[in-house]
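So that the names make sense, note that chain A is the first sequence line, chain B the second, and so on, each numbered from 1.
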Amino acid sequence: MATGVAAWLPFARAAAIGWMPVANCPMPIAPRDNSKKQDELIILNVSGRRFQTWRTTLDRYPDTLLGSSEKDFFYNEETKEYFFDRDPDAFRSILNFYRTGKLHYPRHECISAYDEELTFFGIIPEIIGDCCYEEYKDRKRENLERLQDDQEENKDLKQSNLNFRETMWRAFENPHTSTLALVFYYVTGFFIAVSVITNVVETVPCGSNSNQKDMPCGERYTVAFFCIDTACVMIFTVEYLMRLFAAPSRYRFMRSVMSIIDVVAILPYYIGLVMTNNEDVSGAFVTLRVFRVFRIFKFSRHSQGLRILGYTLKSCASELGFLLFSLTMAIIIFATVMFYAEKGSSSSKFTSIPASFWYTIVTMTTLGYGDMVPKTIAGKIFGSICSLSGVLVIALPVPVIVSNFSRIYHQNQRADKRRAQKKARLTRIRIAKSGSANAFLHSKRNGLLNELLELTGTEEDEQKLMKSTSLLESQHHHLLHCLEKTTAHEFVDEQMYEQNSLETALQAYPSHSPSIACHSSPAVTCCGRSGKRNSPLPNASPSPANPIPAHQSQLQELSALHIQRGNPLTHTSRIPRLRPPLQQPGQHIQA
Amino acid sequence: MKAKNRDQSLSDSRELDGSYDQLTDSVEDDFELSTVCHRPESMDKLQEQTKFTKKELQVLYRGFKNECPSGVVNEENFKTIYSQFFPQGDSSMYAHFLFEAFDTNKNGSVSFEDFVFGLSIILRGTINDRLNWAFNLYDLNKDGCITKEEMLDIMKSIYDMMGKYTYPTMQDDAPIEHVENFFQKMDQNKDGVVTIDEFIDSCKKDENIMQSMQLFDNVI
């Protein structure tokens, strides 16, 4: 129960008047309000600033410092006030929590200072209201990350003894760990650059011999280029093998994108080595050399930006797909139109619709190479429409996609954050709800014990077992108890409910479900009146007309319940003596 | 001009979003703040009209004003407040009936006077007063007699407050059976309705009910 509405509990209890005339059972006894003292003002002196509030306001939350007797430690006899040597600004929100039932997080407050205050006053931060919860969690996470960064720096300084393999892996993944790793990092980077440049320069025409036309450098200085290529590939192979050796999970490493790029980069060389210089396969061999350009992707290990670009492309795949789809639609439409428009003219380059694709693409992207131009008037008209619409179709989505990138990226981050918070928040709400329900069930079991011992009239037992439920809680539980009696059903928690439904389905051995003095069943009225009994309940007493065995079984169940809870009933000798007093009119066994 | 464009673009984006239901959604007008504020009559007058002492009225008013700063409770608030006491079930129907019973002048809101008058009858009234109030609660259309349908509605709302997880499992005809029992007990001339006299008469004869009425003597 949200204790913010504690003031309305008398109203809720008064509203129970609607249940009384329809109930067939007597209502349980109301908890006594022993503290008949009037409501008084309490003065809380926090570092000189005086706050005043009613005692009942503080009593709303008995499991905090201010609501419990813990505050007596801070009581100052001379000035008759409670003195706390804490921050008065933070105390404002804490006192407001008692007043309104909602805990707010002031934005100007430092997160760790606020947390300390909450811990001091015994308030769990999870009950911060929804209005301030997100802000609180954000600040808390930032703080945690900052602490983690500090810790990681410390960890890096410490040289914990990993084995050789793990050291190598760490060196590969994070080049800043040691000098050797840095050297390795730069060497591989250098060789990637060398390899890429050689690939490019290979095709540049160098000076020619007198009798031959310009040859590309690759064919002129074959040996040199071959040596450079071999050296690069050797370095790459060694690097790949070392990474494979050091990887903690070799299978996962082999499946990762970077390792595939590595393999693709070095494979053509080996294939070229294996293959002979056969004319038939040399064509294929040449194609393979194209794959050498993939070595440039090896740079993504060295560049964070490339990795981010790759990631954003992957995450915007749907947007790109849509752009492609709409482009394809427009291209096909215009190509068809241009083909049929130019069909009439002679020596037209628009020989087929696929041939017109090239014209449409070049026109729509406003390139306009000029190798294909329409000659008929209709063709020119449609050509101009094509180029105008090209501006729209191409130029519009591109900025949209660019902004999409940043929007989607940020949105993903925010959505994940919100989803994580939502789950946590719903869990909190569920826990709070089930907490209050469970509190009632828990106190019901305790209450059984209390009722039982009240009958024996031993005060000490009662006090021993009386849990520290506040008057508010006991009144609320009494209200729920009255509802149970009115409807002749009991509250159970979810597990018990599942259990019971299973058992009634299977009709198995009797279960130890808590029963109260008013045994309830659909067919038998709650006053234990004998009569029609449709289905044998798991813990039905054998002879319905005789109340005493019923109570025996109930008592046995109670004692079994105690044993189950591990709470040894030390006064078992008293239980047989309860039989005679059970005939008291307060029980109303037989109506 | 500017405002119009803004509204237009707002509605356009809402339509594109697909999440905007044009039937139920409505733009809250900033000027239509519910500035209904109600101040109760003076404490002396309330003390004359009810049976509470000054201190009790103070405590009641403080609690009331804390939860409803505007001074009146509307039905939504009422239901929210009441549902906090019954986390396991659905108390909205019963809260609705209670609201109807407290809102004596039928203006859709319960002011502090209504609240305190009702509480005074329940907590400080005679047995007759309390039974009268309960009868008023049950008689949904205020025609002086309780029919089986009205009683069934009330009974269902009470059973709804228990929720799903009960022992024994809640059968669908439990309220109906309970209503039959009730009418058997209360309807003396067996004419299918319970009038106020039959109600008070039968309640006075029932020991259980008399005893439970005593519970309300020391709620405050």
Is any side-chain heavy atom of A:Trp8 less than 4.5 Å from a side-chain heavy atom of B:Phe64? yes
Contact class of A:Ala23 relative to chain B, heavy atoms under 4.5 angstrom: backbone
Taking C-beta and beyond as the side chain, do A:Glu490 and B:Met162 meet within less than 4.5 Å on heavy atoms? no
Is it the side chain or the backbone of B:Val73 that comes within 4.5 Å of chain A heavy atoms, both, or neither? side chain
Are the side chains of A:Asn24 and B:Asn208 in touch, meaning some heavy atoms are under 4.5 Å apart? no
Could you check whether atom CG of B:Asn107 has more than 12 heavy atoms from other residues, nucleotides or ligands sitting under 6.0 Å from it? yes
Per-residue tally against chain A (heavy atom, under 4.5 Å) across B:Met155, B:Gln58, B:Gln88 peaks at B:Gln88
Using modelled atom types and a 3.5 Å cut-off, is there a donor and acceptor pairing between side-chain atoms of B:Tyr165 and backbone atoms of A:Glu498? no
Measuring heavy-atom distances to chain A, does B:Met170 have an atom under 4.5 Å in its side chain, in its backbone, in both, or in neither? both
In terms of heavy-atom proximity below 4.5 Å to chain A, should B:Phe115 be classed as side chain, backbone, both, or neither? side chain
Taking A:Val22's backbone N and O only, do any of them form a donor-acceptor pair with B:His178's side chain (distance below 3.5 Å, no angle check)? yes
If one checks every heavy atom of B:Lys164 against chain A at 4.5 Å, the contacting part turns out to be both
Examine whether an atom of B:Leu123 lies under 4.5 Å from a heavy atom of chain A, and if so say whether it belongs to the side chain, the backbone or both; otherwise answer neither. side chain
Closest heavy-atom contact between A:Ala14 and B:Leu119? CB-CD2, 3.4 Å
Measure centre to centre between the rings of A:Phe11 and B:Phe85, then say whether the value is under 6.0 Å. no
Which portion of B:Tyr94 sits near chain A, non-hydrogen atoms under 4.5 angstrom: side chain
Heavy atoms only: give me the nearest A:Pro21-B:Met186 pair and the separation to one decimal. O-CE, 3.9 Å
Output for pair (B:Leu131 CG, A:Ile17 CD1), nearest 0.5 Å, gives 7.0 Å
Above 12 or not: heavy atoms from other molecules or residues under 6.0 Å from NZ of B:Lys185? yes
Distance-minimising heavy-atom pair for B:Pro168 and A:Ala488: CD-O, 4.2 Å
Report which part of B:Tyr159 has an atom under 4.5 Å of a heavy atom belonging to chain A: side chain, backbone, both, or neither. both
How long is the straight-line distance from CD1 of A:Ile29 back to CD of B:Gln214, given to the nearest 0.5 Å? 13.0 Å
In terms of heavy-atom pairs under 4.5 Å with chain A, the winner among B:Met213, B:Arg62, B:Arg130 is B:Arg62
Chain B shares the most heavy-atom pairs under 4.5 Å, among A:Ala16, A:Ala30, A:Ala12, A:Cys482, with A:Ala12
B:Lys204: which residues meet the salt bridge (charged side-chain N to carboxylate O under 4.0 Å, His left out) condition with it, sequence neighbours left out? none
If you count heavy-atom pairs under 4.5 Å with chain A, which of B:Val59, B:Val179, B:Leu98 comes out on top? B:Leu98
Rounded to the nearest 0.5 Å, what separation is found between the CG atom of B:Asp206 and the CE atom of A:Met20? 12.5 Å
Looking at CE of A:Met27 and CZ of B:Phe216, how far apart are the two atoms once the value is rounded to the nearest 0.5 Å? 8.5 Å
